[in-house]
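Below is one structure, written out as structure tokens; the observations come after it.
Keep in mind it's a predicted model, so treat the numbers as computed, not measured.
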Amino acid sequence: MSAATRSATRSARSRRAPDKLCAEAVELAREAVEEAADPGTVGEWIEAVADEDRVVTHLFEARMSGYRGWRWAVTVARASRAKKVTVDESVLLPGEDALLGPEWVPWSERLRPGDLGPGDLLPTEAEDPRLEPGFLGEDVPPPNSPVADEELPVPGLERVGIGSVADEPGMGRKRVLSRVGLHEAADRWEESYGPKTQMAQSAPANCVSCGFLVPVAGSLRQAFGICANEFSPADGHVVSLAYGCGGHSEAAVMPRPPQPPPHVIDETLADPFTLADPAPGANGASSADAVNVEAGAEAAAPARADAGAGAREGSTGE
């Protein structure tokens with residue numbers, strides 16, 4: 001009997017009176033379980049539970065590391081009007097307070113976003129509800145088509161099939177997103193970058209009016225776009241048009257810094273500038289006065305020289 005069957009019929013077994021001979025076969029059950037278990041892992045006898053008429057299960061404590069609350073179960077039985085009890089099976093079963101692992105979940109349900117790594121392959125089911133057949137077309141017309149054996153009017157031309165031009169508008173795929181796939185994608189994107197997020201609630205404006213929003217193609221462009229603001233937390237992600245953040249292009253426009261007026265040059269006047277800073281002279285006069293005195297002395301020296309030369313010419317004439 002399996003563990004699931006035992007758990008389901010536990011209440012019914014507890015109300016059944018165990019067979020006397022089977023219930024007394026405790027040592028027989030212990031010998032059977034000790035042959036199957038490791039030495040020292042079979043503990044004290046717990047109880048005997050009646051499964052059916054003349055069928056009893058003996059429970060022993062399991063002393064195995066990592067199996068807290070588990071019990072060894074040995075089922076014994078005897079035939080009708082027989083005195084000999086035989087062993088049916090021995091198995092390790094969890095008790096009411098047993099330490100159990102999580103319930104097994106198929107890999108397709110365990111997979112979470114971000115689990116796919118480099119080199120991993122994620123197969124999709126042939127009947128995946130997120131996908132539906134795409135438009136491929138056939139290069140060769142069907143045999144019963146009226147253009148199957150039709151010759152081209154111009155020699156040298158080749159007939160262009162639908163499949164050869166379907167790649168250009170993006171229709172040359174075997175499967176495309178179905179309505180279910182579109183809705184599931186929209187729900188995921190809106191949950192991450194939608195109007196109900198804390199960032200959007202405190203944003204000064206929505207993405208629909210932001211200059212950093214890159215629109216997408218198809219029917220999803222009515223509700224989503226791609227953020228292209230490198231300082232936004234949603235940079236490179238698909239965002240809802242109702243999403244928003246503090247990086248909105250028109251939320252806080254910085255004014256242009258003031259520009260000083262151009263310089264005005266007055267070329268009609270000359271401003272005098274001294275060659276050196278004023279400093280006290282030897283007699284208390286400034287250096288500028290000293291420069292003026294020296295300039296006057298140099299100007300008077302040629303006049304004295306001219307006067308001396310005239311005097312010498314007069315004396316020679318006498």
Side-chain angles (χ1 to χ4, degrees), residues 1-8 66-67 70 91-94 98-145 148 158-200 207 212-230 232-243 245:
M1 184 179 296
S2 62
T5 305
R6 293 177 187 275
S7 177
Y67 286 85
W70 287 66
V91 65
L92 183 64
L93 296 178
L99 181 63
L100 301 176
E103 185 179 355
W104 183 84
V105 180
W107 70 268
S108 58
E109 300 179 13
R110 295 196 307 267
L111 194 64
R112 292 292 179 267
D115 291 347
L116 194 65
D120 296 339
L121 297 178
L122 179 61
T124 56
E125 299 179 1
E127 302 297 333
D128 195 324
R130 301 171 300 172
L131 300 172
E132 62 183 12
F135 182 78
L136 291 176
E138 295 292 339
D139 291 341
V140 180
N144 57 351
S145 175
E158 296 182 359
R159 189 182 305 279
V160 178
I162 297 177
S164 59
V165 297
D167 291 336
E168 184 174 352
M171 296 186 298
R173 293 176 291 173
K174 293 184 178 180
R175 291 192 292 177
V176 296
L177 273 178
S178 63
R179 179 76 54 181
V180 176
L182 288 173
H183 287 176
E184 289 182 357
D187 291 342
R188 291 195 309 270
W189 298 340
E190 196 164 68
E191 183 179 357
S192 301
Y193 299 100
K196 297 182 180 180
T197 59
Q198 184 178 1
M199 180 67 71
C207 293
F212 295 107
L213 182 73
V214 179
V216 298
S219 60
L220 290 177
R221 69 176 302 155
Q222 303 176 10
F224 297 96
I226 301 175
C227 179
N229 188 350
E230 62 177 327
S232 171
D235 179 38
H237 295 274
V238 179
V239 296
S240 171
L241 298 184
Y243 181 75
C245 68

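Test P233, C207, S232, C245 against V239 for side chain to side chain contact (heavy atoms under 4.5 Å, CB included) and you get one pass: C207.
Between the CG atom in L213 and the CG atom in L241 there is a gap of 6.0 Å [rounded to 0.5 Å]. We find the CE-OG distance between M199 and S192 to be 13.5 Å, quoted to the nearest 0.5 Å. Annotation: the span from Y193 atom OH to I226 atom CD1 amounts to 12.5 Å, rounded to 0.5 Å. Note that the CH2 atom of W70 and the CG atom of L93 stand 7.5 Å from one another [nearest 0.5 Å]. Interatomic distance, R110 CZ to W104 CH2, rounded to the nearest 0.5 Å: 6.5 Å. To the nearest 0.5 angstrom, F212 atom CZ is 8.5 Å from E230 atom CD.
The heavy-atom pair separating A242 from A200 by the smallest distance is O-CB, 4.4 Å. Across every non-hydrogen atom of P94 and L100, the tightest pair is CB-CD2, 3.5 Å. Of all heavy-atom pairs between A228 and V214, the closest is CB-CG2, 3.9 Å.
Annotation: salt bridge (charged side-chain N to carboxylate O under 4.0 Å, His left out) contacts of D187 (sequence neighbours excluded): none. Residues forming a side-chain hydrogen bond (donor to acceptor under 3.5 Å, both in side chains) with R175 (at least two apart in sequence, or on another chain): T124.
No donor-acceptor pair under 3.5 Å is formed between the side chain of S240 and the backbone N or O of F224. A donor-acceptor contact shorter than 3.5 Å links the side chain of S178 to the backbone of P129.
No side-chain heavy atom of V238 sits under 4.5 Å from any side-chain heavy atom of L220.
Around atom CD of E184, more than 12 heavy atoms belonging to other residues, nucleotides or ligands sit under 6.0 Å away.
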